Each structure stands twice: as C-alpha cells, then as structure tokens.
Number of protein chains: 2
Amino acid sequence: MDLLADVSNPQNFEPQSQISHLALDIGGSLIKLVYFWRNNDRGRDDDEQRSHNESVGVSDSDTGQPVLEGRLHFAKFETSKINDFLEFIHCKKLCLGGFRDCTAPSSDKIFIKATGGGAYKFADLFKEKLGITLDKEDEMDCLVTGANFLLKVDGDGKFERVSGTNLGGGTFWGLGRLLTKDENFDGLLELSHQGNNRVVDMLVGDIYGGTGYGKIGLSATTIASSFGKVISDDKELEDYKPEDISRSLLRMISNNIGQISYLNALRFGLKRIFFAGFFIQGHAYTMDTISVAVHFWSKGEAKAMFLRHEGFLGALGAFMSYENQSLDGLMVHKILQRFPISASSAGNKISCSLNSDPNGNESIECTVRGT
Amino acid sequence: MDLLADVSNPQNFEPQSQISHLALDIGGSLIKLVYFWRNNDRGRDDDEQRSHNESVGVSDSDTGQPVLEGRLHFAKFETSKINDFLEFIHCKKLCLGGFRDCTAPSSDKIFIKATGGGAYKFADLFKEKLGITLDKEDEMDCLVTGANFLLKVDGDGKFERVSGTNLGGGTFWGLGRLLTKDENFDGLLELSHQGNNRVVDMLVGDIYGGTGYGKIGLSATTIASSFGKVISDDKELEDYKPEDISRSLLRMISNNIGQISYLNALRFGLKRIFFAGFFIQGHAYTMDTISVAVHFWSKGEAKAMFLRHEGFLGALGAFMSYENQSLDGLMVHKILQRFPISASSAGNKISCSLNSDPNGNESIECTVRGT
C-alpha cells in the first residue's frame, strides 16, 4: 500500500512553491504529515500564478490583513521506512514547506516543525542527510492544540495527561501481523470486516451455557475472554481464518481502550470522551466497539465522540505552531478552517463518510491570515 | 502436564471415606476443586481408622463441639476435558465427597456444591452421566466468601462487582498458544521466565531515542506499545523466540490488569488491591508486573496484594457453603484454618514460596467444627 499516495504520485504533486507549513508528527509506527497547499491552478506560469494568488485573496476585505486560502493536506508514511521518507522529502523538495529563521546568524537554515518521539530520535538524521533542523514541539502540547483546532475551541492551553495504555494500534498491528501474516494495518482492518470474533473469543454464553450471567449484567454474547476459546480447540494457528483473528484483536483492543478511557473520564466527572489517534482512522467497526464499551461500562452515562482526521492531531498541532513564525513574509497569526468539522458521536450504528480521497488521504479547506 | 497430579496419582489417592466437602468451580478454562481430607494414617483398616478419627478429635475439649481435623486440598483440571473429568470422578468415587439431602423424598440423591458458569452449563451432564446434582452457588458470592476465608475476615456478605476485563488468563493462554505453539498455561509461564519482551515491545526509548519522555514521567524503558516493534521488523512469526513472545504477552496482560484494577480502586478510594484468579498462580513475575503497574499508575499511592491459593477462591466459597448442610452427621458450622495465611504485598521484588507440593498442588491445614 502506498502510504503517501497523493503526494508521491507525480500527477498529484506539482509546484513546491504552493506548499508551505510542512509539519511532521513522527511516532513509533507512523510519520504523519500536514501541509498547507495554497489555492492555485496547476500548470500556470509564474505571472498567471501570481495574479491568481492575488485573486484568491492576498488581503481580507474587512480587516485588510493578508490572507492565504488553500487546503490542509494530511498524509502518512511508515516510520520504519525513515530513509525512504528522507529521500522522498529531498527529491520532492518538500523542505520548501519549512521556514528560514531570518534572525539567525545563518539565515539559510531550514526549520521544519516536528513533534512525536521521532522528532528527537531522528533529529540528527534530518540534519545530516538533508540539512534540515527539526523545530521540536512537545507531543502533548501538539495533541491538545490539534484537537482544539479540529473542535474550533480556543483552549487555554492547559491540560493534563492522566493516563495511557500500551495496548493500542501498535499492538493490534503487531499481533495481527504475527497471527495473520498480513503486514499492513489497513489490510488487517479490511480482514476484520469479514471476520467473526466468536470463533476465537470465549463468550459468557460459552461458560454459562447460553443463559449468560444476568445477575451481574453479563449477557450470553459478552466477551468473557478474548482468544479464550482457542485454549480448548484442538487447532493450530493455520486452522483459524485470519478474518476471525483480526476481528477478535480489533474488539479486544477497542474494548480495552473504551474501558480505560471511561474509567479515567469517571475520575474527572466527564460524560463525553473524545477519541483520536491512528488506530481509529474513521473505521466504523472500531468506533462502534469503542462506543459500545463506553456505553457498557458507563451504563449509558458516558458517550464516545470521534473527530475527523483523528490520526493527525499531533501533526496539526505542530502545524499550528507555525503561527509564531514569519512565513512567506507574513507573520501568520490565525489559521482557520473554512468549514467547521463537527465531532460526531457514533452511537451503536455508524454511517460516516470521511472527507478523504479514494487513496485514503484527507484534506480540509482552510485560510491563513497574516498580521 | 498432569493438572491433577496428587489426586490422579493412585499413590496419593486412597480411601475415599477420608474425603468430604468436595466443591467445584467450573470456569471457562479450568475446573478448580477443593475438598477436605480428614487426618488419618493411610492403609489402616476400618477399626483402626475409626479409632484414629476419634483420637484426632471428635469433640473440642473447650466447647464439646464435634471437630474434624484434616487438610483442605486444591487441584485443577482443564474444562475442555470435562468428559475425562467425569470419568475420573466416577472411577475414584469422588462423589462420596458430596452430600445426601436426608430431608428430600429420594434421599439417595447426591449433591455436590458447584459454582462458576460450568455449574450451569454442565449440570445436565453431571446428572446424566453420574447421577450427581450440582448444588449451584453464585460465582460472585463464592469468590467473596473464599477471599474472606483466606483473609480470615468475617465479612458481612455485602459486595459489588464494579468492573471486569476480557483480557485475562484466557487471553494470555489463547494468544500464547497461537503464537508459540505451547499448549499449556504452565508451559507458557515457564517460557516467559527466559524471555525478553524488548524484542517485540516498542519502548518509549525506541520512539524517543533513549531519552524517554521525562516531562510526562515516561522513562525510556516504559512499554509504549506491546508488540509494537513487530510492525517494523522484517520477520515472520517463526523468527521470534517463543520466550520473548510469552514474556511480552505476560507483561501486556499483567500491566493492563494492574491499570484497570487501580482505576477501579480509585473510584472507591481504596489503597490496597487484592488480586486473585488462576492467571496469577503464585507466579512471581506476574505479581511483580501487576505490582509495578499499580505502583506506576497510582504514583505509589496504591499497593497490590496477593493471596495464596488465589486461583481457588470460587471453589473455596462453594466449599464454605457446605456449612449449612448436614454432613457426616454433623451440621458443620465453622471451617477454620489452623494456620492463618496472610496476604502479602509483593512490592517490586518478590521472593515468595507457596505452600504447594512439587506437582503444583496446594493444601492447607484446617478444622471443621460441628454444632
């Protein structure tokens, strides 16, 4: 699978001068990219382009502030292929999406906003191979800034990390790869669509014999033990359908995330829980399972909420941090979505269409205002 | 592995008349048995046995109450081999450890106290094959009664089930079996001793490059994603050592249990959390991981506590429910441990020797007092 389809495809990827505000979130599994693509017709010559730029609004009619209109683009890349990624940035001159610090002694240094652990781990590599300095932003700060941006909230920047889990998308992917031989995250999700977790999961009904354990609210179909049925089957790994295993894994991880999230929400009296991160990526069954888990454990008191572009919160936050940088001669002080993206509660049935192209890439219209 | 070594070995298993109070906890994976074995020298003839019975105390010298002294024995069997188990009960006349309801119209009916889902699921099977009626006791009631007995607490019988998880021993066993081809729970635990989870787990240091993410208290060795390192390895399942996989699984499940338990304890302001169930079975590394998880998430505020015979709480509770039954002509009203078994807090380093024989079977001395 091509993880960066719309940028890596030469037909989709044209004048670098239209790209700005490149921001990276380099996690353990994936590199998430966000960049701004100024509105412009492709293939125009420089004069036409300049005149078009003016027509799409170099200044706001009300405030007189300079304005850039365009789209925010989201893309992802596997972190394990970091060298390919560096090569790609080099070939495509993506570093033009960074900025030069004009106040620094050597003003030809290019800075790119970056967050996530990889911003630290790979800092030397970026410098050595591309001469790029990663301007590091704190991961949690970026996550909150990104969420606030998507929610159109002017947060006060105060937040607290209250918990976490080591059972997330990486676990789903890692275990899924070992158990099904499918190497791709998206492939595993695809498999899970066609699977039946009851083949491997031990349900309350398997233990109690169809009646469930109603006294404590456990129906016969409640999962008592993920993968618990495997114990007593006289089968090898090869005898199970990858679809069933993937489905069970997805439910195991989603259930657990829902439960841990709810237990944490309870500590702070919160009724709405927003879920983000690449594990979800708009996948209806994942959102459904998380929603059901939150509903189950909270006895209907709490609700799971989902954001679009949920895998890009960190990269978006790094993107927002360009607001304090001089870019294209503008001090960017406001990046606005042109169309609000509302959070949606999935409930038990989800019908959700993401604002994404057929390659799985996503974009939103937005405006950059200068001072 | 022989799961019921000390009973199934004919050398260990002699006159059935010494057995009473057989109680079962039939779970999804394991059948747990508890029974009382009256003190007696083996191989005596009936007269000698009777006289010995009298000498070990038919009445208490202070109260004049009838007293039986002996040992409680604990054993386990795989639930999937239920038919072997029934055959075994039949051959060994273990049903003599049940009771006859003298007040019932047909006084030859044998009752055995049983709890767990299998007490419902397999009730007809016990009746049909052995003519035994399972006298069902509620699973949660038994768990609490068993815990109170081991803690020497006279509980008021009030309790609330506040949470649960579908990631427990069954998941460890099921996933472990699929990933390592080791079919036995104990074999998987054994493997985990020699493993290194860092081979498959993605640590914070793998993402941040050795420095960790100290700002939010995550050291470089904290597990960021269980099995997350597998994603970027160019390896097949066969290329990993079963030891490393088993170790990672054990930490994944134990960590999660510790975290969910702590989050629940927090709701009720509890500082001590008692862990039970067959997943633990006195395994030092499991207890250590759970303890570390509780310590980590509670920032040292809460403590993990462990009971001996922790896998038998349900069976013990079913055993205790014989207190209301006439047995051997006695109305048993008190079953006392002769040696208190204190709960132990594992802390970060555990050196713990269980009261078990080399076959992994366990027993405790106890006294049954009649009215």
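Just so we're clear, the structure is a prediction, and the values are computed from it rather than from any experiment. Numbered from 1 within each chain, the chains take letters A, B, ... in sequence-line order.
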Any donor-acceptor pair under 3.5 Å linking the side-chain atoms of B:Ser225 with those of A:Asn166? no

Check this for me: B:Asn196, atom CG, are more than 12 non-hydrogen atoms of other residues, nucleotides or ligands nearer than 6.0 Å? yes

I'd like to know if the side chain of A:Gln259 and the backbone of B:Gly164 have a donor-acceptor N/O pair within less than 3.5 Å. yes

Is B:Glu139 close to chain A through its backbone or its side chain, or both, or neither, when contacts mean heavy atoms under 4.5 Å? both

If you count heavy-atom pairs under 4.5 Å with chain B, which of A:Ser29, A:Gly168, A:Ser80 comes out on top? A:Ser80

Please report the C-alpha distance between A:Leu179 and B:Leu237 in whole Å, then the side-chain angles of each, then the deciding distance to 0.1 Å, and finally whether the side-chain contact (heavy atoms from CB on, under 4.5 Å) criterion is met. CA-CA 8 Å; A:Leu179 291 166; B:Leu237 176 56; 5.6 Å; no

Minimum side-chain heavy-atom gap A:Arg161-B:Leu218 below 4.5 Å: yes

Please check if the side chain of B:Arg177 supplies one atom and the backbone of A:Asp233 the other of a donor-acceptor pair under 3.5 Å. yes

Interface residue of largest heavy-atom contact number with chain B, from A:Phe122, A:Tyr213, A:Tyr120, under 4.5 Å: A:Tyr213

CG of B:Leu249 to CZ of A:Phe227, rounded to nearest 0.5 Å, is 10.0 Å

Return the option, out of A:Leu175, A:Ile245, A:Thr165, with the maximum number of heavy-atom pairs under 4.5 Å with chain B. A:Leu175

Under 4.5 Å from a heavy atom of chain A, the part of B:Leu178 involved: both

For chain B, which of A:Gly116, A:Gly176, A:Gly27, A:Ala123 has the most heavy-atom pairs under 4.5 Å? A:Gly116

